[in-house]
Amino acid sequence: MPNALLSIAGWEAPITERSSPDAAPKAGVVPPLARDRAAAADAALLGWAAAGDRLAFDQLATRHLPALYRIGLRITGSAAEAEEVAQEALLRAWRNAARFDPARGQVGTWLYSIASHAAIDRARRATPLPLDAAPETADPAPDPEAALAARERQALLGAALRELPPRQRAALALSHDQGLSGAEAAAALSISTRALEGLLRRARFLLASRLRGILE
């Protein structure tokens, strides 16, 4: 995942309620030069970003970029698409920082929601790869036969995952990869917890039937 994702020119897009660098700080507001961005909570960083603090948003992006990339990769199955998803999610978050309502959930969940929807849109537009086109992943195992078997299993699992509908892949990405609770994952996908459980149940059934006897 290239570090270039952290350099997005679009982050300079105007957002509402920016504060002037020469304006006197309001009571209870930490001036930019006094901010400990590395130790600040996500909500504080996003609040500062909404007022125009680019460094605060860079810190927030650094924290969540790997997770956003993993979500994009799980849903789209493409490293290139995953990079685009992560970049798009961060760009949207920067532009809409002032609209975030902390009463409705965590910043991380909000970012994962943006990334999930962006990835689902991209996955729906993509042409699925055939099974024999599944990419192989490197395996450090010293036994050549074991390494080959592991690569084959991984390739088959990846192909089976790509055969799932995008929303089912998103449910797996949020619930299993990111470890969100049912309520958090459902909120990120803008669905009910019951609908999320249905997506996960169908995804597990399809994977089990597709991989029966292969990964045993």
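Heavy-atom basis, side chains included; hydrogens, waters and symmetry copies ignored.
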Task: Closest approach of Ser175 to Leu200 (non-hydrogen atoms, all atoms of both residues) - done: OG-CD1, 3.7 Å
Task: Expected output: side-chain Ser209 to main-chain Leu206 donor-acceptor under 3.5 Å - done: yes
Table please: side-chain donor-acceptor pairs of residues 103-116 below 3.5 Å, with sequence neighbours left out.
{"residue": "Ser113", "atom": "OG", "partner": "Ala188", "partner atom": "O", "Å": "2.6"}
{"residue": "Ser116", "atom": "OG", "partner": "Tyr112", "partner atom": "O", "Å": "2.7"}

Task: Exam field: side chain Arg169 to backbone Leu164, donor-acceptor pair closer than 3.5 Å - done: yes
- [ ] State, to 0.1 Å, how close Ala49 and Ala56 come at their nearest heavy-atom pair, and which atoms those are.
- [x] N-CB, 4.2 Å
TODO: Say whether Leu91 and Val85 are linked into one hydrophobic cluster, either directly or through other cluster members, by side-chain heavy-atom distances under 4.5 angstrom.
DONE: no
Open item on the list: What I want to find out is whether Asp177 reaches Arg70 closely enough, with some N-O distance under 4.0 Å, to be called a salt bridge.
Closed with: no
Open item on the list: Applying a strict under-4.5 Å side-chain criterion to I, L, V, M, F, W and Y, I'd like to know whether Leu196 and Ile71 cluster together.
Closed with: yes
TODO: Go through the steps for Leu207 and Leu172 under the test side-chain contact (heavy atoms from CB on, under 4.5 Å), then give the verdict.
DONE: CA-CA 11 Å; Leu207 285 176; Leu172 289 173; 4.1 Å; yes
Task: pair Ile120-Leu189: side-chain heavy atoms closer than 4.5 Å - done: yes
Task: Interatomic distance, Glu88 atom CD to Leu68 atom CG [nearest 0.5 angstrom] - done: 11.5 Å
- [ ] For the pair Arg37 and Asp58, find out whether any cationic side-chain nitrogen is under 4.0 Å from an anionic carboxylate oxygen.
- [x] no
TODO: Please round to the nearest 0.5 Å and tell me the distance separating atom CG of Leu46 and atom CG of Asp53.
DONE: 11.0 Å
Task: Glu197 with Arg201: basic N within carboxylate O range, under 4.0 Å - done: no
Task: Distance in Å, Leu65 CG paired with Glu83 CD, rounded so as to fall on 0.5 Å steps - done: 9.5 Å
TODO: Check whether any side-chain N or O of Glu184 sits under 3.5 Å from a backbone N or O of Ser181 as a donor-acceptor pair, and report yes or no.
DONE: yes
TODO: Could you tell me the separation between the CZ atom of Arg92 and the CZ atom of Arg99, rounded to the nearest 0.5 Å?
DONE: 12.0 Å
Task: Distance, nearest 0.5 Å, that separates CD of Gln168 from CD1 of Ile75 - done: 12.0 Å
Task: Nearest-0.5 Å distance, CZ of residue Arg63 to CG of residue Leu45 - done: 4.5 Å
Task: Side-chain ion pair, Asp121 and Arg125, N-O less than 4.0 Å - done: no
- [ ] Please step through side-chain contact (heavy atoms from CB on, under 4.5 Å) for the pair Ile191 and Leu199, ending with a clear verdict.
- [x] CA-CA 10 Å; Ile191 59 177; Leu199 289 173; 3.6 Å; yes
